[in-house]
Asks: 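The structure is given below, and queries will be raised subsequently.
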Amino acid sequence: MRTPFRLLCRCLSGALGRSPSSFDLPSSDDEWAKVLRLSGQHLVTPTLRWALREQQLYSDLSAGVADYLDAVHELNQQRNQECAQQFHEVAALLEAISVQPVLLKGMAAIARGLYPSFGERMLTDLDILVPASRLPDVVETLVQAGYRTFPEHGELAGSGGWEVLCHHYPPLFRPDAPAALELHVQPVDLPFVKLLSSEDVFSAAVRSSWGASDCLVPSPTQFVAHNVIHALLVNTRGKLERVSLRQLFECALAIQKYGDAVDWCALSRRFEANSEGRALRQYLALARACFGQELPVHVQTDIWDRWRVDAYLVRGDLDNKVVEWTINLVGQTKSRAKNLCRKPKLIRK
């Protein structure tokens with residue numbers, strides 16, 4: 001099938017060592033426009049540039065497409081370097097009060113060297129995990145350094161009401177800092193803490209030498225688990241979003257780079273024990289369908305898994321705003337009703 005979604009997936013697979021054929025590349029200005037628009041929506045435009053350069057396909061691009069990809073990469077690299085400096089400053093502040101956070105999500109991937117440089121992964125904010133018992137000290141230290149909650153979150157932060165709703169403190173910002181800062185007391189949304197808790201992450205965190213200071217990042221197994229939970233269970237299923245290619249690609253990249261360091265037996269047992277084994281299998285099968293990532297030997301899919309993966313792919317292929325809006329309306333209504341049953345205090349929010 002030749003849709004912008006499928007073309008983008010085939011191009012991105014070049015960063016995983018798979019050589020796209022000429023059929024796998026956009027063949028006209030109109031196709032390129034659609035693929036680039038979609039890459040922006042999925043926040044993978046710098047990753048797309050990396051994949052094309054990795055396969056020596058960059059010289060085949062039109063000047064307009066190449067210039068656009070170069071410009072996005074350069075701006076993203078500059079911002080990510082500023083984000084890294086921001087984290088090092090935050091880490092120094094927390095070290096002064098004997099707190100060492102664990103980096104999560106995109107910045108953890110960059111710190112561990114999953115990407116060749118700062119520029120290939122787009123960041124939205126900085127996510128760090130801190131011990132819940134030290135959160136008041138951490139917040140006070142950051143407030144003294146100029147960080148503030150956004151005005152719309154002030155009441156929630158002051159009352160402590162966020163604790164029954166969310167796994168992180170309301171985002172903090174500083175006018176001169178490039179990104180908002182999310183202080184997590186749990187790595188994942190509260191209903192999924194049974195799959196991955198802060199105790200799990202802290203007990204197995206890996207020390208990584210990065211830039212101006214050392215930092216802690218999740219172990220390979222927990223990095224993959226966090227990706228699956230956040231991308232599939234929270235965002236795609238819980239919030240009825242389309243599957244994020246940024247997150248799915250990063251999962252495939254981590255599986256490839258970490259190799260045997262991922263304990264698939266332990267990961268599968270944890271998900272199966274908490275009735276989410278099928279979700280793990282389907283997400284990995286989706287990575288195979290999109291990027292050609294081979295399934296781990298311990299993961300076996302069935303007909304139902306493959307059917308569900310096909311449904312995710314159809315959703316990705318959609319290029320009709322009316323149909324997408326209708327699906328979102330029905331899905332969000334169902335999802336919010338389930339969330340209210342699970343968290344009755346959400347009704348006020």
Side-chain angles (χ1 to χ4, degrees), residues 1-16 18 20 24-26 30-54 57 61 65 68-73 75-77 79-80 83 105-107 109-110 114-115 118-125 127 179 226-256 282-293 309-321 323-325 327-328 331:
M1 186 178 295
R2 194 175 180 85
T3 66
F5 181 82
R6 304 297 177 102
L7 288 172
L8 179 56
C9 288
R10 291 165 189 161
C11 289
L12 289 173
S13 69
L16 300 171
R18 295 168 183 85
D24 295 327
L25 299 178
D30 182 60
E31 278 194 336
W32 268 114
K34 291 178 180 178
V35 167
L36 292 177
R37 182 170 63 248
L38 189 63
S39 74
Q41 293 171 1
H42 282 271
L43 302 179
V44 292
T45 303
T47 314
L48 173 61
R49 175 184 180 273
W50 169 34
L52 294 172
R53 292 177 69 87
E54 191 75 10
L57 296 170
L61 304 181
V65 171
Y68 174 76
L69 292 173
D70 286 341
V72 173
H73 176 267
L75 290 171
N76 188 59
Q77 180 161 274
R79 181 180 184 272
N80 283 359
C83 288
K105 301 181 185 177
M107 193 59 86
I110 293 173
L114 285 185
Y115 296 88
F118 282 104
E120 283 70 35
R121 210 282 195 184
M122 296 191 93
L123 301 171
T124 50
D125 49 28
D127 300 273
H226 193 200
N227 182 291
V228 176
I229 297 165
H230 178 70
L232 182 66
L233 297 179
V234 176
N235 287 347
T236 301
R237 291 189 178 179
K239 299 178 181 177
L240 277 300
E241 298 175 359
R242 285 191 295 178
V243 170
S244 165
L245 286 182
R246 178 180 63 160
Q247 297 291 346
L248 186 64
F249 172 85
E250 191 159 275
C251 184
L253 180 63
I255 292 171
Q256 184 182 90
Q282 290 172 3
Y283 192 67
L284 297 175
L286 185 59
R288 177 178 61 182
C290 289
F291 308 121
Q293 173 64 51
V309 166
D310 287 341
Y312 288 132
L313 293 174
V314 169
R315 179 83 186 275
D317 289 331
L318 280 177
D319 194 21
N320 186 305
K321 292 183 179 180
V323 175
E324 184 71 18
W325 184 88
I327 291 175
N328 277 332

Asks: Testing the basics here: between Leu114 and Trp50, what is the closest heavy-atom pair and its distance to 0.1 Å?
Replies: O-CH2, 4.2 Å
Asks: Examine distances only and state if a side-chain atom of Arg10 and a backbone atom of Leu8 form a donor-acceptor pair shorter than 3.5 Å.
Replies: no
Asks: Checking the side chain of Gln256 only, and the main-chain atoms of Gln293 only, is there a donor and an acceptor separated by less than 3.5 Å?
Replies: no
Asks: Is there side-chain contact between Leu52 and Leu48, with heavy atoms separated by less than 4.5 Å?
Replies: yes
Asks: With heavy-atom distances below 4.5 Å as the criterion, would you say the side chains of Arg242 and Gln41 are in contact?
Replies: yes
Asks: Distance from Leu248 atom CG to Thr236 atom OG1, nearest 0.5 Å?
Replies: 9.0 Å
Asks: Nearest heavy-atom pair of Val309 and Ala285: which atoms, and what distance?
Replies: CG2-CB, 3.7 Å
Asks: Does the His73 side chain pair with the main chain of Pro46, one donor and one acceptor, at a distance under 3.5 Å?
Replies: no
Asks: Restricting to non-hydrogen atoms, name the atom on Ala252 and the atom on Phe291 that form the minimum distance, rounded to 0.1 Å.
Replies: CB-CD1, 4.2 Å
Asks: Is Arg79 reaching over with its side chain to a backbone N or O of Leu123, donor-acceptor style, under 3.5 angstrom?
Replies: yes
Asks: Could you tell me if the side chain of Lys34 sits less than 4.5 Å from the side chain of Glu31, heavy atoms only?
Replies: no
Asks: Under 4.5 Å between any side-chain heavy atoms of Thr47 and Arg246, yes or no?
Replies: no
Asks: Could you grab the distance from atom SG of Cys83 to atom CG of Asp125, nearest 0.5 Å is fine?
Replies: 9.0 Å
Asks: Determine whether Ile255 and Leu284 satisfy the following criterion, side-chain contact (heavy atoms from CB on, under 4.5 Å), listing intermediate values before the conclusion.
Replies: CA-CA 10 Å; Ile255 292 171; Leu284 297 175; 3.6 Å; yes
Asks: Kindly compute the distance separating OG1 (Thr45) from CG (Leu75), expressed to the nearest 0.5 Å.
Replies: 11.5 Å
Asks: Please tell me if the side chains of Leu232 and Leu286 come closer than 4.5 Å, counting only heavy atoms from C-beta onward.
Replies: no
Asks: Starting at CD of Glu250, measure out to CD of Glu120 and round the result to the nearest 0.5 Å.
Replies: 12.0 Å
Asks: Assess whether side-chain contact (heavy atoms from CB on, under 4.5 Å) is satisfied between Arg49 and Asp70, documenting all intermediate values.
Replies: CA-CA 8 Å; Arg49 175 184 180 273; Asp70 286 341; 2.9 Å; yes
Asks: Is the backbone of Ser244 close enough, under 3.5 Å, to the side chain of Asn235 for a donor and an acceptor to pair up by distance?
Replies: no
Asks: Output yes when a side-chain donor or acceptor of Asp24 lies under 3.5 Å from a complementary backbone atom of Cys11, and no otherwise.
Replies: no
Asks: Hey, what's the ring geometry for Tyr115 with Phe249, parallel, tilted or perpendicular (30° and 60° as the breaks)?
Replies: tilted
Asks: At what distance, to the nearest 0.5 angstrom, does CD of Gln247 lie from CG of Asn227?
Replies: 5.0 Å
Asks: Are the side chain of Asp317 and the backbone N or O of Phe5 linked by a donor-acceptor pair below 3.5 Å?
Replies: no
Asks: So how far is it from Arg6 CZ to Arg2 CZ, rounded to the nearest 0.5 Å?
Replies: 13.0 Å
Asks: Heavy-atom distance under 4.5 Å between the side chains of Leu69 and Leu36, does that happen here?
Replies: yes
